[in-house]
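For this chain, numbers begin at 1 and follow the sequence in order. In listed order, ligands and their atoms are each counted from 1.
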Amino acid sequence: MAGSRMKLELSRVIQGRVRLGVLKGLGRTGQHSLEVPGCLLYTPFGTVPHLTQDTLHTLSKLPRVSQVTLSNIAEHQEVLEEFKDGFRKFAGLHDTVLYCSLHDPAAPCPTGYTTNKTVSVWGSGGRIELTVAKFMALQKSVQPDWYQSMADGETWQSNTSRKRVRKSVDRTLAHLDECLLAHQNSKELEGVEVFGVVEGGDILEERIRSARETAKRPVDGFCLDGLQTGSMDQALRIQLTSAVTKELPEDKPRLLQGVGRPDEVLDCVEAGVDLFESFFPFQVTERGCALSFSFDISPDPERAGSTPPTVLELNEEDTAGDMQQNGDLNLNDQTQMTCFEINLKDKRYQDDFRPLVDGCGCYCCRNHQRAYVHHLLVTNELLAGVLLMIHNTAHYHGFFVALREALANDKLDLLKRRVLRGEQTERKE
Ligand SMILES: [Zn+2]
């Protein structure tokens, strides 16, 4: 938008597609920045689940952009309007850039409720129907720094018809135009940045049309919607994502929604994606697991080469989990466990006195052992979630730091090999 301060400075573009750089001039005061490829902090209600601000800040190198979701905030509109000072202050946040997305990537979103004029979000109290007017009124009460424009994203089911996909693209563009008009006429939203939403389901032509048309609008960045884990296989996601990023301007960030698994993240970075949501470590925490995959690519002879590289093989359970991720999401479902984590509920950890991950500097790994976390989990202590969330958050964001280092040093292939074989090493023990 006119007057926007956000600026994407790319330091490297590899093979015309993989982008390394910094988003500068973020927030109302413009003093924040965010490195790309990067990840937003997942804070569905303004804080990272399980963690207070103090606990969170025992971790370093966290992103300065937090993602809140309208689905969780919408039911509190009246309270926020009465409060007047915006969601950031309401949630006790001060030093973060706030991005407001429509849906919670870790929560189920029933389909069948979009109309020409409305989309629905689902909070704890049920469904809330949003018109553009209500959507924009909500943004004014939230006062984010960035927000995702209202979009019809109901295309992720595999049998979605071409007609439905076309309609979702048309409606999303119509919603965007209406949002932009309201935005430009709003004093409260001056300097706030809008992310246009690229839809198009699994149809290549519709994806390209959506990207081109959205790019014609005065948006500050792009959300790639309808490509989330569970909606399609990875090969198709990469094909569509690559086609979309080709159509988008170089100087604006691309945020991919609903993709969080490390292997998928790496592929999508190669397809030109800059930003991801960090709901994955939360899902891992909720099933009592700890991220343990390796992303260490430092030339340490003792670690490197100790085990032969193995190709990641997804077991059937993982695939089954993926398929139902959006429609029937069960956070405690162990069948959704991926090969990047260890299950601390497993009896084998009851007398394992090692930290969750050797060499991890997080509070949990510095102070506690796997056996203790196992004990907390089997006795249903809330502290288990706190400790796991600390570690999983640290581990996941550490992965993104390693990813940028790998890009800066031409070592993406090495990182990919390390990430894909990491947990395999662990399981052999
Ligand atoms: Zn740790």
Side-chain angles (χ1 to χ4, degrees), residues 38-43 47-63 66 106 260-263 265 276-298 300 302-304 306 331 337-346 348-379 381-406 415 418-429:
C39 174
L40 314 178
L41 202 59
Y42 174 67
T43 64
T47 48
V48 172
H50 300 295
L51 307 185
T52 65
Q53 291 293 309
D54 282 350
T55 323
L56 179 66
H57 289 123
T58 62
L59 303 175
S60 57
K61 293 184 182 171
L62 291 177
S66 301
R261 274 176 41 162
D263 55 334
V265 165
F276 297 85
E277 304 165 313
S278 60
F279 60 97
F280 183 68
F282 172 61
Q283 292 179 326
V284 172
T285 300
E286 295 309 281
R287 53 185 171 242
C289 293
L291 288 173
S292 58
F293 66 98
S294 172
F295 48 76
D296 181 11
I297 53 166
S298 58
D300 178 348
E302 214 168 287
R303 285 191 168 192
S306 61
L331 289 175
M337 192 184 154
T338 66
C339 53
F340 303 100
E341 60 205 85
I342 53 175
N343 179 4
L344 269 304
K345 282 183 188 156
D346 196 310
R348 82 175 94 167
Y349 298 113
Q350 71 176 359
D351 56 356
D352 187 338
F353 303 118
R354 292 175 294 172
L356 298 182
V357 168
D358 268 324
C360 174
C362 85
Y363 173 86
C364 176
C365 292
R366 277 188 286 115
N367 294 285
H368 300 293
Q369 312 110 11
R370 295 173 179 187
Y372 180 60
V373 178
H374 171 82
H375 167 76
L376 293 175
L377 282 166
V378 297
T379 52
E381 289 292 335
L382 291 177
L383 184 57
V386 176
L387 292 176
L388 281 174
M389 196 62 196
I390 291 174
H391 167 77
N392 288 333
T393 303
H395 198 83
Y396 196 68
H397 291 284
F399 160 64
F400 275 88
V401 174
L403 167 58
R404 290 190 294 270
E405 279 172 14
L415 177 69
R418 193 60 45 85
V419 166
L420 297 192
R421 82 168 202 220
E423 178 49 20
Q424 303 265 325
T425 318
E426 178 68 39
R427 279 188 179 172
K428 277 181 201 143
E429 286 167 18

message: Is there a side-chain hydrogen bond (donor to acceptor under 3.5 Å, both in side chains) between Glu286 and His50? Walk through the geometry before answering.
response: CA-CA 10 Å; Glu286 295 309 281; His50 300 295; 2.7 Å; yes
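The Zn ion (ligand 1) has an N, O or S atom of Cys360 inside 2.8 Å of it. Within the coordination shell of the Zn ion (ligand 1), defined by N, O or S atoms under 2.8 Å, His395 is absent.
Using cut-offs of 30° and 60° on the angle between ring planes, the pair His395 and His391 is tilted. Ring geometry for Tyr363 versus His368: interplanar angle over 60°, hence perpendicular rather than tilted (30 to 60°).
Minimum-distance N/O/S atom of His391 relative to the Zn ion (ligand 1): ND1.
With Asn392 as the partner, the side chain to side chain contact (heavy atoms under 4.5 Å, CB included) test is satisfied by one option alone out of Thr285, Leu387, Leu356: Thr285.
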